[in-house]
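See structure below.
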Amino acid sequence: MDTIHQILFNAHILYSLALGLWATIIAARKEPIGGNYWGAMLTYALLAGATLLVGVLLLATGMQPRSGRVVVYVLYMFWLVIIMPGAFTMLRGRDDRSAAIAFALLAFFNFSTSISMIERELVGPWIELT
């Protein structure tokens, strides 16, 4: 399960970077955000949710990240699950250039937050409680 969690989290990091680059290109071209991007954003939230679910299953089986900071892990993962759909809601579905810039900045922030989580061993390796 630890390996599955790592794979999902790594995919999440790359997906965050891709969403940020995509939104930057949309903003640079001054195009409206299309349905493909909205679908990708939903996929991002589902990927983060799946990662959190595997993390909760690991916690339920008596595992924890090496850092031992379980509450911080859960809070960060909840953030990563809800922030992109939350930003969509706060922007009321706007699809203009400024919304694309906001989504790009948020995706890059999520990317850097996720890298930070790895560096602080919040996402693994998972160890058994003794």
Side-chain angles (χ1 to χ4, degrees):
M1 287 277 273
D2 180 28
T3 304
I4 293 170
H5 185 271
Q6 290 295 80
I7 290 169
L8 288 172
F9 196 78
N10 289 339
H12 173 268
I13 290 172
L14 294 174
Y15 212 85
S16 296
L17 181 61
L19 279 179
L21 292 172
W22 189 0
T24 301
I25 291 169
I26 290 170
R29 292 180 178 174
K30 298 180 182 174
E31 297 175 348
I33 300 173
N36 290 336
Y37 190 84
W38 299 132
M41 198 169 68
L42 176 63
T43 303
Y44 166 88
L46 293 173
L47 180 59
T51 306
L52 174 61
L53 179 64
V54 172
V56 167
L57 290 173
L58 283 166
L59 291 170
T61 61
M63 304 284 283
Q64 73 174 10
R66 182 182 295 166
S67 68
R69 298 166 61 191
V70 173
V71 173
V72 177
Y73 164 79
V74 172
L75 289 174
Y76 270 112
M77 288 307 299
F78 274 132
W79 162 270
L80 294 171
V81 169
I82 66 170
I83 192 58
M84 292 296 264
F88 174 80
T89 302
M90 288 174 43
L91 291 171
R92 294 186 174 99
R94 285 182 27 209
D95 65 350
D96 57 358
R97 183 173 188 261
S98 61
I101 291 170
F103 285 118
L105 291 173
L106 187 56
F108 289 135
F109 178 78
N110 289 345
F111 170 77
S112 63
T113 299
S114 299
I115 295 293
S116 171
M117 289 174 70
I118 288 177
E119 290 173 350
R120 292 182 287 141
E121 295 184 335
L122 291 175
V123 292
W126 290 73
I127 58 173
E128 282 191 57
L129 293 173
T130 54

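What's counted below: heavy atoms across the whole structure, side chains too, no hydrogens, waters or symmetry copies.
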Begin from the C-alpha positions of T61 and M1 and carry the test side-chain contact (heavy atoms from CB on, under 4.5 Å) through to its verdict.
CA-CA 10 Å; T61 61; M1 287 277 273; 5.9 Å; no
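Heavy-atom minimum distance, H5 versus T51: CD2-O, 3.4 Å. A pairwise comparison of heavy atoms in T24 and A104 identifies OG1-CB, 3.5 Å as the closest pair. In terms of heavy-atom proximity, L106 sits nearest to M84 at CD2-SD, 3.5 Å. A pairwise comparison of heavy atoms in L122 and Y73 identifies O-CD1, 3.1 Å as the closest pair. A pairwise comparison of heavy atoms in S114 and L80 identifies OG-CD1, 3.8 Å as the closest pair. The minimum heavy-atom distance linking A100 with I26 is given by the pair CB-CG2, 4.0 Å.
Hydrophobic cluster membership differs between L14 and F111, with clusters built from Ile, Leu, Val, Met, Phe, Trp and Tyr side chains linked at under 4.5 angstrom. Taking hydrophobic clusters as Ile, Leu, Val, Met, Phe, Trp and Tyr residues chained together by side-chain heavy-atom distances below 4.5 Å, W22 shares a cluster with F109. In terms of hydrophobic clustering, with Ile, Leu, Val, Met, Phe, Trp and Tyr side chains grouped at heavy-atom distances under 4.5 Å, L75 and W126 are assigned to different clusters. Put simply, I13 and L46 are part of two different groups of oily side chains (I, L, V, M, F, W, Y) that touch within less than 4.5 Å, one to the next. Residues V81 and L42 fall into different hydrophobic clusters, defined by Ile, Leu, Val, Met, Phe, Trp and Tyr side chains chained together at heavy-atom separations under 4.5 Å.
Note: I83 CD1 to M41 CE = 10.5 Å, rounded to the nearest 0.5 Å. Summarising the geometry, atom OG belonging to S16 is positioned 9.0 Å from atom CD1 belonging to I115; distances are rounded to the nearest 0.5 Å. The CG atom of N110 sits 10.5 Å away from atom CE of M117, with the distance rounded to the nearest 0.5 Å. Rounded to the nearest 0.5 angstrom, R97 CZ and E31 CD are separated by 12.0 Å. Rounding to the nearest 0.5 Å places CE of M63 at 8.0 Å from CD1 of I127.
Contact of the P65 side chain with the E121 side chain is not registered, since no non-hydrogen atoms from C-beta on lie closer than 4.5 Å. Annotation: side chain of L19 is not in contact with side chain of F103 (no heavy-atom distance under 4.5 Å).
Aromatic rings from F88 and W38 are positioned such that their centres are separated by under 6.0 Å. Taking the six-membered ring for Trp and the full ring otherwise, F9 and H12 have centroids separated by under 6.0 Å.
Looking at L52, T3, V54, L53 one by one, the single match for side-chain contact (heavy atoms from CB on, under 4.5 Å) with L8 turns out to be V54.
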